[in-house]
Amino acid sequence: MRFHPPRPSRGREIRGQEARVRGARPAPEPAETGRRGRVRDRRGRGLRSPLLPQYVPAFTSRADEFDGVALEAFAEIDARWHDQLAGLDIAVDDIPRMLPRDPDSIQWPDEVTADGAVPLARLIPAGVDTRGNPTRAQIILFRRPLEIRAKRGADLLELVHEVLVQQVATHLGVDEDIVDRGPE
């Protein structure tokens, strides 16, 4: 049997009932809470509504905005090369988690688009995973390095488009100018 110490009174006793504090809710009975653990919103003072409505621009995070920019930049390429890019996925990661092949003279493989020592995107070709299942080719855009290099929103769209053109050209094995013009 557990012993629960008595709760402190939230007001003074008036005719056998607690006086209510203005605006406070009565404490739930022990049978209602089930005593599973501490309830975060113990006194009914939590959020009454979301901080921001969904229709205001501040509701979306920077990551959500970047996802929209990446989709917009890829839409033009996909419209031209849709059939050839059917097995290609686009992903976004916050930061690159990779090191250069040679740290002294920073060299990146062809599958990596970089600005000096900082990778901006990476192409992972199709292959087979450790369980023997086939995997799809994937372009991973690194959000933070791309955002840092763009000064305005329009610059970010152009930069992401350039990076995607380079990665798609590497994936298809064609020149970057051909990717911009479209297949003949």
Side-chain angles (χ1 to χ4, degrees), residues 40-41 46-103 105-184:
R40 181 173 179 247
D41 191 15
L47 292 176
R48 295 187 179 141
S49 65
L51 290 177
L52 296 170
Q54 292 181 357
Y55 55 84
V56 297
F59 183 77
T60 59
S61 67
R62 290 174 64 181
D64 293 337
E65 290 175 12
F66 184 84
D67 291 346
V69 168
L71 288 173
E72 186 178 345
F74 186 69
E76 184 180 332
I77 299 168
D78 187 45
R80 293 183 184 139
W81 296 89
H82 183 74
D83 295 335
Q84 290 85 348
L85 299 178
L88 180 68
D89 293 331
I90 305 294
V92 174
D93 200 1
D94 286 338
I95 57 171
R97 294 177 177 88
M98 52 196 266
L99 298 172
R101 197 181 290 171
D102 183 17
S105 65
I106 301 166
Q107 291 182 343
W108 294 101
D110 293 338
E111 294 86 24
V112 176
T113 301
D115 180 19
V118 181
L120 303 176
R122 179 180 185 189
L123 171 68
I124 299 175
V128 179
D129 66 0
T130 57
R131 297 180 184 158
N133 298 326
T135 60
R136 296 168 49 112
Q138 187 177 32
I139 294 175
I140 301 173
L141 297 171
F142 301 121
R143 179 178 68 89
R144 291 294 296 147
L146 287 166
E147 285 178 342
I148 289 170
R149 278 151 184 78
K151 303 295 182 218
R152 300 182 310 250
D155 291 342
L156 181 62
L157 180 63
E158 291 174 17
L159 181 61
V160 171
H161 179 75
E162 287 176 25
V163 168
L164 283 172
V165 165
Q166 292 173 358
Q167 292 295 317
V168 168
T170 303
H171 174 68
L172 297 175
V174 297
D175 192 34
E176 294 173 21
D177 295 333
I178 296 174
V179 172
D180 270 336
R181 284 182 283 164
E184 279 97 31

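One is the number of the first residue; the rest follow in order along the sequence. The analysis underlying the following values was restricted to heavy atoms, covering all of them including side chains, and did not include hydrogens, waters or symmetry mates.
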Non-neighbouring partners of D93 that pass side-chain hydrogen bond (donor to acceptor under 3.5 Å, both in side chains), sequence neighbours left out: R97
Under the side-chain contact (heavy atoms from CB on, under 4.5 Å) test, residues paired with D175 that sit two or more places apart: D177, I178
R143 CZ to I148 CD1 distance, which is reported to the nearest 0.5 Å: 9.5 Å
Test salt bridge (Lys or Arg N to Asp or Glu O under 4.0 Å) applied to D67 - qualifying residues, sequence neighbours left out: none
Salt bridge (charged side-chain N to carboxylate O under 4.0 Å, His left out) pairs, two or more places apart, involving residues 154-163: R152-D155
V69 side chain near L146 side chain, heavy-atom distance below 4.5 Å: no
Within residues 69-85 or reaching into it, pairs that qualify as salt bridge (charged side-chain N to carboxylate O under 4.0 Å, His left out) - sequence neighbours excluded: E76-R80
Heavy-atom side-chain contact between H171 and W81 under 4.5 Å: no
4.5 Å side-chain heavy-atom contact, E176 and D180: no
Sequence-distant partners of R62, side-chain hydrogen bond (donor to acceptor under 3.5 Å, both in side chains), two or more places apart: E147
Pairs flagged by side-chain hydrogen bond (donor to acceptor under 3.5 Å, both in side chains) wherever residues 124-135 is involved - sequence neighbours left out: none
Spatial distance of atom CD (Q166) from atom CD (E111) [nearest 0.5 Å]: 13.0 Å
With A114 via side-chain contact (heavy atoms from CB on, under 4.5 Å) - residues at least two apart: W108, V112
Distance (rounded to the nearest 0.5 Å) between I77 CD1 and I90 CD1: 8.0 Å
Closest non-hydrogen atom pair between A86 and R136, with its separation: O-NH2, 3.1 Å
T170: partners by side-chain hydrogen bond (donor to acceptor under 3.5 Å, both in side chains), with sequence neighbours left out: none
Sole candidate of D115, I139, L141 that passes side chain to side chain contact (heavy atoms under 4.5 Å, CB included) when paired with V163: L141
Heavy-atom closest pair, residues F74 and L85: CZ-CD1, 3.9 Å
Partner set under side-chain hydrogen bond (donor to acceptor under 3.5 Å, both in side chains) for D110, not counting sequence neighbours: none
For a quick test of your reading: what N or O donor-acceptor pairs under 3.5 Å do the side chains of residues 116-128 make, sequence neighbours left out?
none

Distance-minimising heavy-atom pair for P145 and D94: CD-O, 3.7 Å
